[in-house]
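Take a look at the structure set out below.
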Amino acid sequence: MKQIFTSLLLIVIINSSVFSQTSTGFPEEYKVLHIEPSKTDSTISEANSPHLVVYNPEAKQGKLLFFMPGTGGIALKGPKSLFATAVNQGYHVINISYINTPAVAQICRGKVLAENSNCTEEFRTRRIYGNNNFSLIDDAPQDAIVNRLTKLLIYLSEHDKTGNWDTYLENGAPKWSEIAVSGQSQGGGMAAFIAKEQLVSRVVDFSFFRRLGLFR
């Protein structure tokens, strides 16, 4: 588990064909769950398409790979070859469903950004934690990414005992030291921002530096 996680990219390219795929797009021995956010928190109604959860119950449990899609992304349509490779290395995988429109780059630009240099930080804080009063997006506190992750982990710990999901919880909150945060585009920026605030296991980002900048 200590090896550099970016090596997954090469493994995906070289070895993706070796997996015996089922209709879910994953090997038969993997457990694949589709869980609507509202099932984990009844106050959630927006962006209620299912989270994707994948792991191998027969493998030694490792860290959690927590992935966030980009703008307009749907959790069930995430990069399955990447996820399968991560599970093959011992990771549990969550591809989270969250409010991902509008993107930060669509809000914090031009005059808005000129008048508020903290716009991108305030945007991400609202979308990730839901604990500030940033007024340019309508995300409710229960829709925040961390709340969705927390409620999903609690739900899994109660309803999927084989997954041993308590490993990734500490005092009713994500145990960040056991979690690798990752994402594509807007999700990559969210992952980097979480890592700025939390001592995570590692960060794996895809295609967001060029388009958005680290905190845009």
Side-chain angles (χ1 to χ4, degrees), residues 6 35-53 64-79 82-83 93-153 173-174 176 179-216:
T6 51
I35 302 172
E36 293 179 354
S38 60
K39 287 185 177 180
T40 71
D41 182 344
S42 62
T43 66
I44 294 175
S45 60
E46 301 297 321
N48 196 40
S49 60
H51 306 304
L52 175 65
V53 179
L64 170 65
L65 174 64
F66 173 50
F67 192 92
M68 288 160 279
T71 304
I74 298 172
L76 297 187
K77 296 183 178 180
L82 172 65
F83 298 157
V93 173
I94 289 175
N95 190 14
I96 202 79
S97 177
Y98 71 102
I99 295 175
N100 53 41
T101 56
V104 61
Q106 295 171 310
I107 299 296
C108 297
R109 58 187 300 176
K111 183 179 180 181
V112 172
L113 185 58
E115 293 178 350
N116 180 9
S117 61
N118 294 321
C119 181
T120 58
E121 179 178 358
E122 293 174 6
F123 178 106
R124 292 194 186 282
T125 298
R126 175 75 178 262
R127 184 151 288 176
I128 294 169
Y129 298 106
N131 59 2
N132 67 353
N133 296 317
F134 185 71
S135 62
L136 298 182
I137 54 175
D138 296 327
D139 302 35
Q142 66 268 23
D143 287 320
I145 290 170
V146 169
N147 179 66
R148 287 171 180 252
L149 173 62
T150 302
K151 296 300 175 60
L152 176 57
L153 289 173
W176 294 109
I179 301 173
V181 294
S182 183
Q184 189 270 329
S185 192
Q186 179 185 175
M190 296 299 181
F193 193 85
I194 290 173
K196 178 175 176 286
E197 303 290 325
Q198 310 290 343
L199 187 59
V200 300
S201 174
R202 59 191 45 147
V203 185
V204 189
D205 289 323
F206 300 90
S207 302
F208 81 98
F209 288 102
R210 179 178 62 84
R211 292 182 55 201
L212 301 181
L214 183 56
F215 296 118
R216 295 189 179 182

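All values reported here derive from a predicted model rather than from experimental measurement.
In this structure, the side-chain hydrogen bond (donor to acceptor under 3.5 Å, both in side chains) partners of D143, at least two apart in sequence or on a different chain, are R148. Residues forming a side-chain contact (heavy atoms from CB on, under 4.5 Å) with I137 (at least two apart in sequence, or on another chain): P102, I107, F123, R126, R127, F134, D139. Residues passing the ring pair (Phe, Tyr, Trp, His ring centres under 6.0 Å) test with Y98: none are found, sequence neighbours excluded. Residues passing the side-chain hydrogen bond (donor to acceptor under 3.5 Å, both in side chains) test with N48, sequence neighbours excluded: S38.
Of the possible polar contacts, none joining the Q198 side chain to the W176 backbone as a donor-acceptor pair under 3.5 Å is found. Using modelled atom types, no side-chain atom of H51 and backbone atom of I96 make a donor-acceptor pair closer than 3.5 Å. Remark: side-chain polar atoms of S97 are not paired, donor with acceptor, to backbone N or O of E36 under 3.5 angstrom.
Smallest separation of non-hydrogen atoms from T71 and A103: OG1-CB, 3.2 Å. The nearest pair of heavy atoms linking L65 to S182 is CD1-CB, 3.7 Å. Closest approach of G78 to N95, counting heavy atoms only: CA-ND2, 3.6 Å. A pairwise comparison of heavy atoms in G70 and S185 identifies CA-CB, 4.2 Å as the closest pair. When all heavy atoms are compared, the tightest approach of G72 to N100 is N-OD1, 2.9 Å. Between P37 and P50, the shortest heavy-atom contact is CD-CA, 4.3 Å.
Looking only at side-chain heavy atoms (C-beta outward), I179 and I194 stay at 4.5 Å or farther from each other. Contact annotation: the side chain of I99 never approaches that of D138 to less than 4.5 Å [non-hydrogen atoms, C-beta and beyond]. Between P141 and N147, the closest side-chain pair of non-hydrogen atoms is not below 4.5 Å. The closest side-chain heavy-atom distance from L82 to F206 is below 4.5 Å.
Counting only residues at least two apart or in different chains, salt bridge (Lys or Arg N to Asp or Glu O under 4.0 Å) contacts with residues 40-49 comprise D41-K151. The stretch residues 106-117 participates, sequence neighbours left out, in these side chain to side chain donor-acceptor pair (under 3.5 Å) pairs: N116-E122.
Note that CG of N132 is 11.0 Å distant from CG of N118, once rounded to the nearest 0.5 Å. Atom CE in M190 sits 12.0 Å away from atom CG in D205 (nearest 0.5 Å). Atoms CG and OG1, on L113 and T120 in that order, are 7.0 Å from each other to the nearest 0.5 Å.
Using bins of under 30°, 30° to 60° and over 60° for the plane-to-plane angle, the ring pair F83/F67 lands in the perpendicular bin.
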